[in-house]
Amino acid sequence: MEGAVERCLVALSRALPDDRVLTDRDVCESHARDESEAEGSMPSAVIRARGAQDVVAVLTAAGAHGVPVTPRGAGTGRTGGAVPMRGGLVLACDRMRGDIDIDVRNGTAVVGPGVVTRDVHDAVEAEGLFWGPDPNSWAECTVGGNIAENAGGPRTFKYGATRDWVLGLEIVTGEGTRMDVGRRTRKGVTGYDLTSLVVGSEGTLAVVTRATLRLVPNPEAIVTMLVWLPEVASVPRAIDAVLALRVVPRCVEMLDDQTLDILRAASSLTVPAGARALLVLELDGTERAVAEDLERVGNALSAWTSFEVGVATVRADRERFWSVRRDMSRALRRQARWKISEDVVVPRTQLPALIDRCRLLSERHGIRMPAYGHAGDGNLHVNLLWDEPSQRPAVDAATAELFASAIELGGTLSGEHGIGALKAPFLGLEQSAAVIEAQRRIKDTFDPKGILNPGKIFPATGHGGC
Ligand SMILES: Cc1cc2nc3c(=O)[nH]c(=O)nc-3n(C[C@H](O)[C@H](O)[C@H](O)COP(=O)(O)OP(=O)(O)OC[C@H]3O[C@@H](n4cnc5c(N)ncnc54)[C@H](O)[C@@H]3O)c2cc1C
């Protein structure tokens, strides 16, 4: 492949301005990893795209020479999506920002894929508007990465994941063809929904070069409730009690007992003695509706907890809590030399069963497994923490058994982190051979030469494991 890469880089040096193609070792090294344990191979070059025309040039040259291309946003992915598994080129999209073009009256925003997620929130909220996706990495991750992963977050329970907030996309396919899919209007059903197909395709079908986002009015009032519970098994019951009131909280999060133990020792949050789980509810709406809902929810929860419910109405208080929640992943990371964060989903009623399984696996394999996450969606981040390299086989066994348990409990392998490189070997646990083959054919249509993000999603087979 070396000769092919050389020829491809010569073609790119002719097609692109000088500052786009970077081959320095430190730049290549820093683009060979993401926020997962995935080990890939060193890219030969990083192409720092500034616009769709650069992306067209890269994919055209890479296609002509059969060179793999790994699209990349901020590299915060958890499954190795932005890690080049077969070397080649990393296509860095984080400089494709431009202005955030907000149409207030029609409730849309047009953005480049390199815009940082929180910048979208800040810009639209300044106009009294709201965009749903709120991954906890929002201070770093990019809209392009959110689209590729169909990212979710605490608000997904009420507002859905990224796919629900994207109306249209400008994309460049693996063949280097630039096209607009979807629409700018709020409704529209013309043809196949290629926008929804590209959202969540993990950079394997096309590179996103621009997105039209759907916006709604920003809610007038928000209140966050911290509900300490005596046992994890109470979590789904307490959620049932809230939903029975026909109140739909925008966030329904939980932390298990092992996570609370870590927070007790290592955070500014005061965890009451005896609390074995934390349920976090966030309500939004008009001032009046939120005040009424707060009272009704508080009353309903009194059957499930004797701890005092913490209530944060002021933005600064809410932010104090959410900064602890957003730092949770890194706080756990500091507890051990190695950490893997999984994100399996089960039907909500099965959350206690899933946590029981985690306890069994933790004991059987001698690995700490604190879990927390988006309880309303049944989506748990099960963390595997370990300190000795010799524990790695036990970690791998526990991970495989965790996936099998999630499927057995009626769940799915990933709620938001995607399949990437790390879960590709497990795809067949959840999807039939026919479903996998149908997806391979879609991949062939968008990327007939198989150059876009090889080694992701699909388990390796005689097809080349694209
Ligand atoms: C502390 C922490 C907390 C997190 N919390 C959440 C959470 O709450 N919810 C959640 O969903 N995720 C979460 N994540 C995972 C991660 O942040 C998200 O998946 C995010 O959407 C990735 O964005 P990124 O810009 O970093 O993308 P990258 O990691 O760079 O790439 C991710 C994937 O997107 C593809 N890609 C990137 N840009 C493009 C593009 N322009 N066109 C096509 N494909 C592209 C890449 O090829 C790769 O497959 C968290 C991660 C961390 C480290």
Side-chain angles (χ1 to χ4, degrees), residues 30-31 33-36 38 40 49 51-52 54-55 58-59 68-85 89-97 111-118 132-156 161-163 169-174 198-211 251 253 322 325-333 339 341-343 345 372-374 377 379 381 383 414-422 424 446-447 452-457:
S30 66
H31 287 72
R33 299 180 297 273
D34 66 1
E35 289 272 350
S36 73
D54 293 353
V55 176
V58 169
L59 292 173
V69 177
T70 305
R72 182 182 179 94
T76 67
R78 290 295 204 187
T79 53
V83 174
M85 303 311 286
L89 309 178
V90 168
L91 180 54
C93 300
D94 57 337
R95 301 293 165 94
M96 284 197 277
R97 289 185 204 138
V111 301
V115 173
V116 171
T117 307
R118 195 167 66 184
D134 63 334
N136 284 308
S137 51
W138 68 348
E140 297 151 70
C141 63
T142 64
V143 172
N146 299 161
I147 290 170
E149 298 289 3
N150 189 24
R155 296 179 199 159
T156 301
T162 303
R163 185 174 283 122
L169 295 171
E170 179 190 69
I171 58 171
V172 181
T173 66
V198 171
V199 178
S201 63
E202 304 190 29
T204 63
L205 298 181
V207 176
V208 173
T209 50
R210 199 172 53 221
C251 307
E253 299 279 293
W322 283 109
R325 168 65 183 90
R326 288 199 187 97
D327 188 49
M328 191 80 66
S329 171
R330 292 192 166 118
L332 294 191
R333 181 73 191 78
K339 164 178 165 292
S341 173
E342 291 303 347
D343 78 319
V345 188
Y372 63 86
H374 315 300
D377 299 315
N379 183 192
H381 294 301
N383 296 273
S414 176
E416 52 188 24
H417 291 170
I419 297 300
L422 292 181
F446 278 78
D447 179 28
L452 259 180
N453 220 354
K456 310 295 162 62
I457 301 182

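What you see below is based on every heavy atom in this structure, not just the backbone, and it leaves out hydrogens, waters and symmetry mates. For ligands, and for the atoms within them, numbers begin at 1 and follow the listed sequence.
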Q. Do the non-hydrogen side-chain atoms of P68 and M85 ever get within less than 4.5 Å of each other?
A. no
Q.
Given A206, G152, C141, identify the one with the heavy atom nearest to atom 10 (C) of ligand 1.
A. G152
Q.
Considering non-hydrogen atoms of the protein only, which is the closest contact for atom 31 (O) of ligand 1, and what is the distance?
A. A82 CB, 3.8 Å
Q: Quick one: look at H417 and ligand 1, take heavy-atom pairs under 4.0 Å, and tell me if it's side chain, backbone, both or neither.
A: side chain
Q) Who gets closest to atom 51 (C) of ligand 1 by heavy atom: T117, T76, V208? A) T76
Q | Backbone N/O of S201 and side chain of K456: donor-acceptor pair under 3.5 Å | A | no
Q. Out of P154, G415, S137, whose heavy atom is nearest to atom 50 (C) of ligand 1?
A. S137
Q | Whether T79 side chain and H417 backbone form a donor-acceptor pair below 3.5 Å | A | yes
Q.
Looking at R78 and E35, would you say the former's side chain and the latter's main chain have a donor-acceptor pair under 3.5 Å?
A. yes
Q. For ligand 1, is any non-hydrogen atom under 4.0 Å from P113's backbone (N, CA, C, O), its side chain (CB onward), both, or neither?
A. side chain
Q.
Using modelled atom types and a 3.5 Å cut-off, is there a donor and acceptor pairing between side-chain atoms of R163 and backbone atoms of N150?
A. no
(Q) Does any N or O of ligand 1 fall below 3.5 Å from an N or O anywhere on R330, backbone included? (A) no
**Q.** E416 and ligand 1 - part of the residue with a heavy-atom distance under 4.0 Å
**A.** both
Q.
Within the structure, is a non-hydrogen atom of V207 found at a distance of less than 4.0 Å from ligand 1?
A. yes
Q.
With a 4.5 Å cut-off on side-chain heavy atoms, are L452 and L59 touching?
A. yes
Q) Do H381 and L332 come close enough that some side-chain heavy atom pair is under 4.5 Å? A) no
Q) Judged by non-hydrogen atoms, does D34 sit under 4.0 Å from ligand 1? A) no
Q) Tell me: protein heavy atom nearest atom 29 (O) of ligand 1, and distance? A) G77 N, 2.8 Å
Q) Are the side chain of T204 and the backbone of N453 linked by a donor-acceptor contact shorter than 3.5 Å? A) no
Q: May I ask you to identify the nearest protein heavy atom to atom 25 (O) of ligand 1, giving residue, atom name and distance to one decimal place in Å?
A: T142 OG1, 2.7 Å
Q) Taking E202 for the side chain and I419 for the main chain, is one N or O donor matched with an acceptor at less than 3.5 Å? A) yes
Q. Considering only heavy atoms, which of N136, L169, V69 lies nearest to atom 8 (O) of ligand 1?
A. N136
Q. Should P135 be counted as touching ligand 1, given the test is an N or O pair under 3.5 Å?
A. no
Q) If you round to the nearest 0.5 Å, how far is OG1 of T76 from CD of E140? A) 6.5 Å
Q | Identity and distance of the protein heavy atom lying nearest atom 19 (O) of ligand 1 | A | E149 CG, 3.5 Å
Q) Where is the nearest protein heavy atom to atom 46 (C) of ligand 1: which residue, which atom, and how far? A) P71 O, 3.1 Å
Q: Without swapping roles, check the side chain of N379 against the backbone of H374 for a donor-acceptor pair under 3.5 Å.
A: no
(Q) Suppose I only count heavy atoms of N453 and a 4.0 Å limit; which atoms of ligand 1 are within that range? (A) 47 (O), 49 (O)
**Q.** ligand 1 to T70 polar contact by distance, N or O atoms, under 3.5 Å
**A.** no
Q: Report the residue from T142, V208, I171 that forms a side-chain contact (heavy atoms from CB on, under 4.5 Å) with I147.
A: V208
**Q.** Enumerated ligand 1 atoms positioned under 4.0 Å from heavy atoms of G73
**A.** 25 (O), 28 (P), 30 (O), 37 (C), 38 (N)
Q | Numbered atoms of ligand 1 (with element) below 4.0 Å of A151, judged on heavy atoms | A | 11 (O), 21 (O)
Q.
Under a 3.5 Å distance rule, please check whether D94 uses its side chain to pair with a backbone N or O of R72 as donor and acceptor.
A. no
Q. Which ligand 1 atoms does A148 reach within 4.0 Å, using its non-hydrogen atoms?
A. 34 (O), 35 (C), 36 (N), 44 (N), 45 (C)
**Q.** Between T117 and N146, a side-chain donor and acceptor under 3.5 Å
**A.** yes
Q. Do any nitrogen or oxygen atoms of C93 come within less than 3.5 Å of a nitrogen or oxygen of ligand 1?
A. no
Q. To the nearest 0.1 Å, how far is atom 27 (O) of ligand 1 from its closest protein heavy atom, and which atom is that?
A. G145 CA, 3.5 Å
Q.
If we set the cut-off at 4.0 Å for heavy atoms, which region of D94 has an atom near ligand 1: side chain, backbone, both, or neither?
A. neither
Q. Can you find an N or O of R78 that's nearer than 3.5 Å to an N or O of ligand 1?
A. no
Q | Nearest-neighbour protein heavy atom for atom 24 (P) of ligand 1, which is reported as residue plus atom name and distance | A | A74 N, 3.5 Å
Q) How far does CD of E342 sit from CG of N383, to the nearest 0.5 angstrom? A) 9.0 Å
Q: Could you tell me whether a side-chain N or O of T162 sits under 3.5 Å from a main-chain N or O of P133, the two making a donor and an acceptor?
A: no
Q: Please write down residue, atom name and distance for the protein heavy atom closest to atom 28 (P) of ligand 1.
A: G75 N, 3.5 Å
